[in-house]
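These values consider heavy atoms only, across backbone and side chains, with no hydrogens, waters or symmetry-generated copies. Below, chain A is the first sequence line, B the second, and so on; all start at residue 1.
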Protein chains: 2
Amino acid sequence: MAVDDEQLDRAFTALGDPVRRAMIARLSRGPATVNELAEPFPITKQAVSRHIQVLEAAGLISRTRDGQRRPCHLEPTVLEALTSWIDEYRLETERRFRRMDELLRTVQEQEK
Amino acid sequence: MAVDDEQLDRAFTALGDPVRRAMIARLSRGPATVNELAEPFPITKQAVSRHIQVLEAAGLISRTRDGQRRPCHLEPTVLEALTSWIDEYRLETERRFRRMDELLRTVQEQEK
DNA sequence: CCCTTGATCAACCGATGTGTTGAATATAGG
DNA sequence: CCTATATTCAACACATCGGTTGATCAAGGG
């Protein structure tokens with residue numbers, strides 16, 4: 001579960017592309033081959049193949065073998081690491097906002 | 001709260017850089033100016049200024065004015081949209097995994 | 001054993017990203 | 001008013017990204 005800084009780099013940038021995000025969405029419903037993943041997009045299979053390599057290098061998907069096919073499987077672990085990273089700072093910020101509100105209300109109380 | 005596809009592009013790629021992630025971490029503890037944000041990094045203020053512009057364009061931070069300073073504030077809204085996006089597909093995948101386990105166990109049961 | 005299919009590799013191209021330096025702008029403050 | 005400080009703009013260099021085409025590799029099926 002140890003996701004280092006470079007892993008976060010790769011995972012976040014991997015998700016910063018609409019084609020790759022659509023692939024993630026597709027794979028959440030089940031495994032798919034390169035050809036299946038390529039179908040919705042007006043780009044070459046080679047380009048799709050490289051998007052897949054990016055997702056794999058980011059640890060977001062894994063691949064198995066089925067004859068001449070190489071099905072892709074979504075790996076939820078790194079996705080969870082991303083939400084953990086985000087939530088740490090989002091929640092800290094929201095806590096800070098609440099403390100500010102609290103303080104503001106206290107000051108207003110004393111001004112009366 | 002409507003975060004479109006291009007907004008997701010900008011936000012995810014913005015987080016795909018270690019400098020910008022460190023800035024987010026810093027800003028979760030409170031507002032900071034360009035100079036304060038630049039301090040930990042061995043790069044020029046101009047480079048920092050542009051990282052900040054990237055974060056702002058992604059909707060991850062906002063900026064106010066305090067004299068000649070332009071303090072940055074972390075905006076949790078888009079962060080939350082990112083976790084929502086991720087969790088949708090992560091949870092779907094985990095549900096699917098559980099159904100698979102269930103099915104596998106049923107088959108094994110019948111083989112006895 | 002060929003030939004088709006699935007997938008990848010290699011080389012190339014244009015666009016974008018990230019850094020630099022140097023100049024410019026704006027506000028603070030004596 | 002003049003100068004220092006905070007920030008940004010402009011132009012440039014270099015690397016990476018995302019796409020292409022053409023060749024190659026690997027597995028299956030007649």
Does any part of the side chain of B:Thr33, heavy atoms only, come nearer than 4.5 Å to the side chain of B:Arg70, both counted from C-beta?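 B:Arg70 vs B:Thr33: side chains apart.
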Are any non-hydrogen side-chain atoms of A:Trp85 and B:Arg21 less than 4.5 angstrom apart? yes
Minimum heavy-atom distance between [X] and [Y], given as atom pair plus value:
{"X": "B:Asp9", "Y": "A:Asp17", "answer": "OD1-C, 4.2 Å"}
{"X": "B:Gly59", "Y": "B:Val78", "answer": "O-CG2, 3.4 Å"}
{"X": "B:Arg20", "Y": "B:His51", "answer": "NH1-ND1, 3.1 Å"}

Evaluate B:Glu102 against B:Arg99 for salt bridge (Lys or Arg N to Asp or Glu O under 4.0 Å), listing each step before the verdict. CA-CA 5 Å; B:Glu102 199 84 12; B:Arg99 286 198 296 272; over 6 Å; no
Check DNA chain D against residues 28-63 of chain B and give the residues with a non-hydrogen atom under 4.0 Å, in numerical order.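 Only B:Thr33, B:Val34, B:Asn35, B:Gln46, B:Ser49, B:Arg50, B:Gln53, B:Arg63 qualify.
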Please determine whether side chain to side chain contact (heavy atoms under 4.5 Å, CB included) holds for the pair B:Arg69 and B:Asn35, giving the CA-CA distance in whole Å, both sets of side-chain angles, and the decisive distance to 0.1 Å. CA-CA 9 Å; B:Arg69 274 157 240 163; B:Asn35 268 308; over 6 Å; no
Spacing of B:Gln68 atom CD relative to C:dT27 atom C1', expressed in whole Å: 5 Å
At the 4.0 Å heavy-atom cut-off to chain B, mark where contacts on DNA chain D begin and end, going 5' to 3'. D:dT5 to D:dA11
Would you say B:Gln7's side chain and B:Ala58's backbone share a donor-acceptor pair under 3.5 angstrom? yes
Pick the nucleotide of DNA chain D nearest each of A:Val19 and A:Arg65; which residue has the one closer to the 5' end? A:Val19
